[in-house]
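Structure first, commentary second.
In what follows, every heavy atom counts, from backbone to side chain, and hydrogens, waters and symmetry copies are set aside.
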Amino acid sequence: MEVQRKAKNMPEFCNTRLRSTGEPIAIKYGVPGYIPLKGLTGSKTEIDKRIAELNQYHGADKAQIAAMEAGSLFGWHIPAANPNMYDENGLPRKRKRENHRDEQTR
């Protein structure tokens, strides 16, 4: 898993908030789920600042964080666990549509 992490240029850890509750969490590359950051307390602004500092320390950018969120939830083998699927803001890149024949003519 370490070789795969390095090949994808991913950090070992990232930090974010659990989308369902807002709880601060850590995600370790290659590990399903997340680690609650119970010791991270304070105001929303203080916690967000600390999360940003931790991500800077780990070298995690927004695209990598989005990929790690997907990997921790759905598996590290899926395309969404690749940071190249996201832009610099951590939003999914628009995929180019391929030209396909109309399948109704079969």
Side-chain angles (χ1 to χ4, degrees):
M1 194 56 76
E2 184 67 13
V3 172
Q4 186 180 36
R5 180 183 73 80
K6 288 182 179 181
K8 287 185 177 180
N9 192 29
M10 294 285 277
E12 184 176 5
F13 285 95
C14 77
N15 300 275
T16 187
R17 287 184 174 273
L18 192 59
R19 291 182 187 222
S20 60
T21 66
E23 172 186 12
I25 61 170
I27 299 171
K28 181 173 172 51
Y29 184 86
V31 176
Y34 60 89
I35 304 159
L37 296 175
K38 301 236 183 254
L40 205 54
T41 60
S43 71
K44 181 184 181 317
T45 303
E46 291 168 337
I47 293 171
D48 288 344
K49 181 180 177 189
R50 185 67 180 131
I51 287 171
E53 290 169 351
L54 288 167
N55 283 327
Q56 185 176 8
Y57 174 79
H58 290 294
D61 63 30
K62 291 179 181 180
Q64 292 167 324
I65 294 166
M68 289 182 73
E69 288 174 339
S72 72
L73 286 169
F74 305 112
W76 297 94
H77 63 285
I78 64 169
N82 184 334
N84 293 330
M85 299 296 288
Y86 303 91
D87 67 16
E88 64 279 353
N89 295 312
L91 299 173
R93 291 186 188 275
K94 297 205 187 268
R95 298 178 87 182
K96 293 180 183 174
R97 296 186 76 176
E98 295 180 18
N99 291 330
H100 293 286
R101 288 186 171 184
D102 185 7
E103 293 189 20
Q104 293 178 346
T105 59
R106 284 192 206 189

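Between L37 and I47 the shortest side-chain heavy-atom distance does not fall below 4.5 Å. In this structure the side chain of K62 never reaches within 4.5 angstrom of the side chain of D87, judged on heavy atoms. With a 4.5 Å cut-off on side-chain heavy atoms, N9 and P83 do not count as touching. For the pair E69 and C14, the minimum side-chain heavy-atom distance is 4.5 Å or more. Inter-residue side-chain proximity for Y86 and Q64 is flagged as unmet; no heavy-atom pair is nearer than 4.5 Å. Contact of the H77 side chain with the Q4 side chain is not registered, since no non-hydrogen atoms from C-beta on lie closer than 4.5 Å.
The ring pair (Phe, Tyr, Trp, His ring centres under 6.0 Å) test applied to F13 returns H58, not counting sequence neighbours. Residues meeting the side-chain hydrogen bond (donor to acceptor under 3.5 Å, both in side chains) test with E23, sequence neighbours left out: none.
For the residue pair A70 and A81, the shortest heavy atom distance occurs at CB-N, 4.4 Å.
Judged by distance alone, with hydrogens and angles left aside, the side-chain atoms of N82 form a donor-acceptor pair with the main-chain N or O of N84 at under 3.5 Å.
Rounding to the nearest 0.5 Å gives a distance of 7.5 Å between NZ of K28 and CZ of R5. With values rounded to the nearest 0.5 angstrom, M10 atom CE is found 9.0 Å from D61 atom CG.
A side-chain contact (heavy atoms from CB on, under 4.5 Å) with P24 holds for exactly one of N15, T41, I51; it is I51.
Within 6.0 Å of CZ in R93 there are more than 12 heavy atoms belonging to other residues, nucleotides or ligands.
Salt bridge annotation for R50-E53: present, with a cationic side-chain nitrogen under 4.0 angstrom from a carboxylate oxygen.
I35 and L54 fall into different hydrophobic clusters, where Ile, Leu, Val, Met, Phe, Trp and Tyr are joined by side-chain heavy atoms under 4.5 Å apart, directly or via other members. Residue L18 is grouped with residue I27 when hydrophobic side chains (ILVMFWY) are merged at heavy-atom distances under 4.5 angstrom, including chains of intermediate members. Taken together through direct or relayed side-chain contacts under 4.5 Å among Ile, Leu, Val, Met, Phe, Trp and Tyr, Y34 and I65 form parts of separate hydrophobic clusters. Hydrophobic clustering (ILVMFWY, side-chain heavy atoms < 4.5 Å, transitive): I25 and Y29 are in one cluster.
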